Every structure is written in C-alpha cells, then in structure tokens.
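Chain naming here is simple, since letters A, B, ... match the order of the sequence lines and numbering starts at 1 in each. This one's a predicted model, so the numbers in the text were calculated from it and none came from an experiment. All values below were derived from every heavy atom in this structure, side-chain atoms included, with hydrogens, water molecules and symmetry-related copies excluded.
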Amino acid sequence: MYIQELHTVEGQKVKLQGWVSNKREGKGIVFVILRDGTGYCQCVVTETEVDGSIFEIAKGLSLECSAEISGTVVKDERQVGGFELRVTDLQLIGNSPNYPIAKKEHGIEFLMDNRHLWLRSSRQWAIMRIRNTIIFSIHRYFQENGFMLMDSPIFTGNAVEGTSTLFETDFYGAPAYLSQSGQLYGEAMAMAMGRIYTFGPTFRAEKSKTRRHLSEFWMMEPEMAFCDIFQNMDVIEEMMHFVIADVLKNCRKELELIGRDISVLESSLQPYPRMTYDQAVRIIKGEEDVNGVNSITSLERELQQVTAKISEMESEIAEREKKIADGNLKKGEINFNQNKIDTLKNEKSELEEDAKNIPQWIASAKGFEYGNDFGGSDETVITRLFDKPIMVYDWPHEVKAFYLKRNPENPRFARGVDVLAPEGYGEIVGGGERETDEKLLVEKINEHKLPMDAFEWYLDLRRFGSVPHSGFGLGIERMVTWVCKLKHVRESIPFPRMYGRLKP
RNA sequence: UCCUCAAUAGCUCAGCUGGUUAGAGCAACUGACUGUUAAUCAGUAGGUCCCUGGUUCGAGUCCAGGUUGGGGAGCCA
C-alpha cells in the first residue's frame with residue numbers, strides 16, 4: 001500500500017513499507033513519521049494496543065531506518081496527508097544508526113557531500129517530483145503535437161559552435177568531445193522527419209562557479225522544418241504554457257511544500273512579451289521603463305531595502321544573543337533563540353551577497369555597450385522587471401552562433417531568440433531560425449575559424465532540399481530552478497556535476 | 001583564468017585589540033513524561049581550532065604560501 005492511496009482505504013487495515021523520516025516519543029506512545037516516496041504518514045504506536053516487543057522496536061527506531069508498519073487508517077485533519085495509521089504490527093527492515101542529516105539547518109557543502117541521503121528529505125522530494133512533471137509534460141507536449149523523439153550523439157568529433165570549452169575524451173585513439181548541443185544533428189533529423197525533438201545530457205567544461213551553471217545538464221531541443229523565427233516563438237510560448245499549467249495542476253502540494261509563491265507561474269500562462277535586442281538594451285540601460293518601472297532606479301531601491309533588512313537582522317540577532325547571555329531562560333527558549341539566530345545569520349549572509357552584487361549589476365547595466373551579448377547580471381536586471389518570461393530576438397550577428405539566419409531586412413541582426421525567465425532567473429531557452437544560405441554559412445564557419453571538413457555534412461542539408469527551419473534548446477535544470485524558485489541549479493538535478501564536484 | 005569571502009565538536013555557529021584548562025545549541029547516549037508536529041525536561045560523552053612555515057615569552061586569533069568550499073566575472077541552457 002502506498003501512502004498517496006490511503007484516502008481510498010479509510011477505516012481499513014493496511015501495511016505500509018517505507019523509511020522513518022521522524023519519530024517523537026511520549027510515555028506509552030510513539031509517533032513515527034513514515035515516508036515511502038509517495039508521501040508522508042504519521043503512525044501511532046500505543047503501548048496498550050500492541051505487543052510489548054513491538055513497542056520496544058518502535059521506541060528504538062531511528063531516523064531513516066526502514067520498516068513495514070501495519071495498522072488501521074484513521075482520518076485526522078491535523079496530519080500532513082490527512083490520515084494517520086493506528087499501528088497493530090511493526091517490523092524493522094533495515095537499521096540506520098547515526099543518520100548524518102539532522103532535523104536542523106545544514107551548510108551546503110555538507111548537504112552536497114551527502115547528496116545521496118539529502119535526496120530523501122522532503123524539500124528535495126518535492127523538487128524532484130516537479131522536475132519529473134516538467135520532463136514528462138514536455139514529452140507530452142511534443143508527442144501530442146506531431147514531434148518525434150530522435151536522439152543526437154553524445155560523442156562528437158568537433159565543437160558545435162567553437163565557443164565553449166568541451167570535455168575531451170579518447171575515442172579509439174582519436175580525440176572526441178562530449179556534446180555541448182544536439183542542435184546540428186537535430187537539423188538533419190528534422191529534414192528527415194519534419195518535426196523532431198531530442199532529449200539528452202549536455203556537457204560544458206567551463207570552470208563556472210555560479211548559481212546557474214552545471215558541467216552536465218539535460219536539454220530538450222526541438223527542430224522544425226518549414227518554420228520561421230516567429231512560428232518558433234509561438235511554439236516556445238505554447239510549450240511553456242502547457243508545461244507550467246501542468247505543474248500548477250499536478251504539483252500543488254509540492255509547490256506549497258517548498259514555499260513557492262505561484263502568482264508568477266499563474267501570470268506566466270499569459271502571452272510573453274517579445275522584444276528585439278535593441279529594445280531590451282534600452283530597458284537594461286534604463287532608457288526605457290517597463291510598466292513605469294525603471295531598471296536602474298528599481299535596483300537602487302532594492303539595494304536600499306537589502307541594506308535596511310541587513311541592519312534589521314543584525315539588531316534582532318544582537319537582541320536574542322543578549323537574551324541568552326542574560327540567563328533566566330529555560331533550555332527550550334535558549335534552543336529556540338539559538339536556532340533563530342543561526343537561521344538569521346544564514347539569511348543575512350545571503351543578503352550580504354546581494355548587497356555586494358547589486359552595485360556591480362547597476363554599474364554593468366549603466367555601462368552596457370550596445371552590440372555585446374547579455375551577461376548574467378544583464379539578464380537579472382531586465383527579468384526582474386517582468387512577471388512572466390520574455391523573448392528577446394534579433395541579436396547582433398557577431399555575438400551569436402554561426403548557424404543563425406540573418407534578418408533579411410537588416411543583416412546586422414541574426415534571428416536568434418532567447419527566453420529569459422522572470423524574477424531575475426535569466427536564460428532558460430536559446431534558439432532561432434537557421435541560416436539556409438550556403439555562402440553565408442561558409443563565410444561564418446571561416447569567420448569562427450571552424451574546420452570546414454567537419455561541416456560538409458551540415459552544408460549538405462542546404463544543398464539538398466533546403467527549407468526554412470527553426471528550433472530551440474530548453475535547459476531542464478534552469479526551467480526547474482525557476483519554476484521552483486530555487487537559489488541554485490544544483491538542487492534541480494539528482495546528482496549535480498559542476499566545477500569541483502564529482503561525488504557522490 | 002581573474003575578483004571576493006570563508007574554514008573551530010558528527011551538524012550549525014560563538015570565541016573582541018594575541019594571554020590560564022576552547023564554548024553554546026542540535027544530533028548521539030542514559031533517564032523522566034500517554035496526542036506529539038524540528039515535542040519537552042534532567043544528565044553523560046564528544047576537539048589534529050584545514051595544512052605548512054613565520055612573527056612572539058605566548059597563536060584558534062597576526063603574517064606568507066597552499067588546500068578545500070561559497071558568491072561573482074568570463075562562457076552559457
């Protein structure tokens with residue numbers, strides 16, 4: 001019996017199998033919170049109602065030991081799942097002495113070292129369920145709209161875009177690289193099948209240490225024949241709406257558990273503002289307001305708020321420390337205040353990072369040079385002004401990938417489109433219409449100093465029945481991070497691979 | 001690669017301008033309590049102060065170098 005199905009068997013006797021996520025004890029009574037992957041359930045063991053040996057086992061249960069527990073399902077509004085189990089029988093399956101993750105705040109390094117166990121905690125459980133919903137929902141959107149799943153290779157003989165650093169491996173004595181995108185192969189497959197999408201891991205070897213970078217991440221990359229950049233944007237928007245609606249419908253509990261304010265997700269079901277690079281630059285530099293809000297002045301206001309919040313926290317910490325130092329407090333009150341101080345200090349150091357970063361963002365936004373690609377801070381600056389994702393298209397062709405089509409009306413611009421998630425999250429989708437002019441492509445390949453012979457097959461796609469086509473790549477982890485409003489991508493994937501992190 | 005911050009008990013953190021035997025809470029362990037929601041209460045035990053070198057009568061504290069980690073730049077989904 002799974003916990004999520006308990007509502008169907010009220011009053012009946014069932015057997016649950018799972019792990020002890022918490023235990024509380026009173027005289028003659030033990031409360032065991034059991035989790036089985038589908039949910040949480042409080043199991044009540046009363047001394048007078050079970051065998052003496054069973055009560056002893058219940059008292060000896062420790063965090064994360066596994067057990068089979070039988071009992072009667074009773075409705076109880078106070079409980080998380082709405083039901084509890086009055087235990088009649090209990091069997092210990094696997095012991096768990098000294099479980100390292102305690103019921104308290106932990107630092108990120110410790111949690112990452114224990115990622116294999118951290119995944120069992122309720123917050124991670126909720127995030128992984130949302131990740132699953134997002135992935136399944138994307139598949140469903142594409143499958144229901146005539147796309148076919150076709151996978152691109154992971155070993156490649158050459159860099160796709162020639163820009164980012166790749167992981168090199170040995171392929172029977174020849175150098176091979178782990179794929180940084182299935183893009184070019186996607187184009188070939190779209191010419192065979194019409195509309196395809198790929199879903200697989202992607203590797204980038206940059207030594208990035210930021211909250212939005214992973215060395216290994218998962219990407220969905222659709223590619224569509226007979227599709228221009230505007231139809232491409234229609235598909236992106238429709239897919240995003242589909243996925244977000246699905247999460248809102250199926251993951252209410254999970255969103256609530258992680259404390260996600262869903263109003264932005266709800267407004268993200270509306271159409272997304274589409275703007276050119278030119279307009280986005282004006283907004284970043286503060287030359288154009290968004291709904292009466294200016295990028296620069298709103299950042300300055302935020303900085304003031306952050307600074308005020310920090311000093312507020314400092315005085316609260318000092319106050320509580322004084323209370324403890326004065327004595328006269330009961331042990332429980334000291335404990336409460338000490339925990340409060342720890343939490344406040346944690347929050348404070350996060351705010352201090354912001355206080356350090358915001359002035360840099362302001363400077364970088366003010367001094368933004370037209371013609372450059374957006375940096376992480378520029379994306380943060382512009383997306384903070386919106387309550388839904390935005391789409392920025394028509395970029396200076398020099399800063400974008402070689403395969404993007406030029407705007408026929410103004411060849412200075414390439415028809416790339418970036419989808420930037422709101423609330424400061426930034427790029428979650430990158431795509432565009434592909435260049436079909438063989439001459440322009442050859443020019444670009446030379447410009448980027450890429451080995452021409454590696455692209456002969458790619459040029460064939462233009463030589464034999466070339467058609468307008470477009471596609472995009474959606475970073476799963478970045479999508480999950482935004483939907484869950486996580487502080488860092490590393491929580492959006494079971495076992496993150498990033499600079500300095502290969503274990504567990 | 002560069003900038004910046006940090007490292008003290010299993011965990012989260014105090015430890016002020018260098019000064020006797022390095023502290024608290026949680027967790028663990030022992031006991032008390034019949035409805036708890038991170039339960040509460042009493043007690044016990046727990047330390048290579050990241051490493052190497054230096055300054056000093058004296059270093060957890062100051063200095064230099066290194067290691068590991070956090071945040072950011074570049075790069076990007």
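If you check the side chains of A:Asp246 and A:Thr133, you find no donor sitting under 3.5 Å from an acceptor. A donor atom on one side chain and an acceptor atom on the other are not found under 3.5 Å apart for A:His469 and A:Glu433. At a cut-off of 3.5 Å, with distance as the only test, a side-chain donor of A:His139 or A:Tyr197 sits close to an acceptor on the other residue.
For the pair A:Leu61 CG and B:U36 P, the interatomic distance rounds to 20 Å; values are reported in whole Å. The nearest whole Å value for the distance from the CG atom in A:Asn372 to the C1' atom in B:C76 is 15 Å. Atom CD in A:Glu206 sits about 16 Å away from atom C1' in B:G72, given to the nearest Å. Rounded to whole Å, the distance from CG on A:Leu351 to P on B:G71 is 15 Å. The nearest whole Å value for the distance from the CZ atom in A:Arg490 to the C1' atom in B:G72 is 13 Å. Straight-line distance from the CG atom of A:Leu502 to the P atom of B:U68: 14 Å, rounded to whole Å. Note: NZ (A:Lys356) to P (B:C5) measures 7 Å, nearest angstrom. Separating the OH atom of A:Tyr499 from the C1' atom of B:U67 is a distance of 12 Å, rounded to the nearest angstrom.
Using Watson-Crick or G-U wobble geometry with both donor-acceptor distances under 3.5 Å, B:A64 finds its partner in B:U52. Look at B:C2: its Watson-Crick or wobble partner, with both distances under 3.5 angstrom, is B:G72. Across all strands shown, the partner of B:A24 is B:U12, judged by Watson-Crick or G-U wobble contacts whose two distances both fall under 3.5 Å. For B:C29, the paired nucleotide is B:G43, the pair qualifying as Watson-Crick or G-U wobble because both relevant distances are below 3.5 Å.
Between A:Arg478 and the phosphate of B:A77, there is no side-chain N or O to OP1/OP2 separation shorter than 4.0 Å. OP1 or OP2 of B:G71 has at least one side-chain nitrogen or oxygen of A:His488 nearer than 4.0 Å. The phosphate of B:G70 has OP1 or OP2 within less than 4.0 Å of a side-chain N or O from A:Lys209. Between A:Arg204 and the phosphate of B:G74, there is no side-chain N or O to OP1/OP2 separation shorter than 4.0 Å. For B:A73, one of the phosphate oxygens OP1 or OP2 lies less than 4.0 angstrom from a side-chain nitrogen or oxygen of A:Arg212.
Checked by distance alone, A:Ser208 brings a side-chain donor or acceptor within 3.5 Å of a matching partner on the base of B:C75. No N or O donor and acceptor, one from the side chain of A:Ser377 and one from the base of B:G72, sit under 3.5 Å apart. Counting distance only, with no hydrogens placed and no angle test, the side-chain atoms of A:Gln42 and the base atoms of B:U36 include a donor-acceptor pair under 3.5 Å. A donor N or O paired with an acceptor N or O is found under 3.5 Å between the base of B:G35 and the side-chain atoms of A:Glu84. Between the base of B:C76 and the side chain of A:His213 there is a donor-acceptor pair shorter than 3.5 Å.
Of the candidates B:C76, B:A77, B:G69, B:G69 carries the atom nearest the A:Glu109 side chain, counting heavy atoms from C-beta on. Checked against B:C76, B:A28, B:C75, the side chain of A:Asn98 finds its nearest nucleotide in B:A28. Listed candidates were B:A77, B:G71, B:U12. Nearest to the side chain of A:Phe217 is B:A77. Between B:G35, B:G74, B:G10, one nucleotide has an atom nearer to the side chain of A:Phe110 than all others, and that is B:G10. Considering only the side chain of A:Val44, B:G35 comes nearest among B:G35, B:A39, B:G71.
Base contact: A:Arg86 has a heavy atom under 4.0 Å from a base atom. Counting non-hydrogen atoms under 4.0 angstrom, A:Leu214 reaches a base of the nucleic acid. Across all strands shown, A:Asn22 has heavy atoms under 4.0 Å from sugar-phosphate atoms exclusively, and none from any base. Using a 4.0 Å heavy-atom distance criterion, A:Asp354 is classed as making no nucleic acid contact. Among the protein residues, A:Glu477 comes within range of no part of the nucleic acid, since none of its heavy atoms lies under 4.0 Å from any strand. A:Ile108 comes within 4.0 angstrom of the backbone, heavy atoms only, and of no base.
Nucleotides B:U40 and B:G35 have their C1' atoms positioned 13 Å apart, rounded to a whole Å. Between the C1' atoms of B:A64 and B:A59, the separation comes to 15 Å (whole Å). B:U56 sits 9 Å from B:G18 when the C1' atoms are compared, rounded to a whole Å. Taking atom C1' on both nucleotides, B:C33 is separated from B:C41 by 8 Å, rounded to a whole Å. Comparing the P positions of B:A24 and B:G47 gives an interatomic distance of 14 Å, to the nearest angstrom. B:G46 and B:G10 have their P atoms separated by 12 Å, given to the nearest Å. As rounded to the nearest Å, B:U67 and B:U17 have P atoms that lie 29 Å from one another. Rounded to whole Å, the P atom of B:U12 lies 13 Å from the corresponding atom of B:G70.
A salt bridge does not link A:Lys253 to A:Glu256: none of the charged side-chain nitrogens sits closer than 4.0 Å to a carboxylate oxygen. Ion pairing of A:Glu302 with A:Arg384 is present here, as a side-chain N (NZ or NE/NH1/NH2) and a carboxylate O approach within less than 4.0 Å. Here A:Arg123 pairs with A:Glu491 in a salt bridge; the nearest charged N to carboxylate O distance falls below 4.0 Å.
Checking A:Ile476 against A:Lys487, the closest nucleotide of RNA chain B that is more toward the 5' end is the one next to A:Lys487. With RNA chain B read from its 5' end, the first of the two nearest nucleotides for A:Tyr99 and A:Gly107 is the one closest to A:Gly107.
In terms of heavy atoms, A:Glu423 sits closest to A:Trp482 at OE1-NE1, 3.0 Å. Scanning both residues, A:Trp361 and A:Ser377, for their nearest heavy atoms gives CD1-CB, 3.0 Å.
By the 5.5 Å and 30° criteria, A:Phe31 is not stacked with the base of B:G35.
How far CG of A:Leu61 is from CG of A:Asn95: 8.5 Å, rounded to the nearest 0.5 Å.
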Let's go through A:Glu477 and A:Trp218 carefully: what are the C-alpha distance in whole Å and the side-chain angles of both, what is the deciding distance for side-chain hydrogen bond (donor to acceptor under 3.5 Å, both in side chains) to 0.1 Å, and is it a yes or a no?
CA-CA 7 Å; A:Glu477 286 76 19; A:Trp218 290 74; 4.5 Å; no
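Ring-plane geometry between A:Tyr277 and A:Trp395 is classed as tilted, the angle between the planes lying from 30 to 60 degrees on a 0 to 90 degree scale. Between A:Tyr40 and A:Trp125, the ring planes lie perpendicular to each other; the angle is over 60°, past the 30° to 60° tilted range.
Shown for residues 423-430 of chain A: residues whose heavy atoms fall under 4.0 angstrom of RNA chain B, namely A:Glu427, A:Ile428, A:Val429, A:Gly430.
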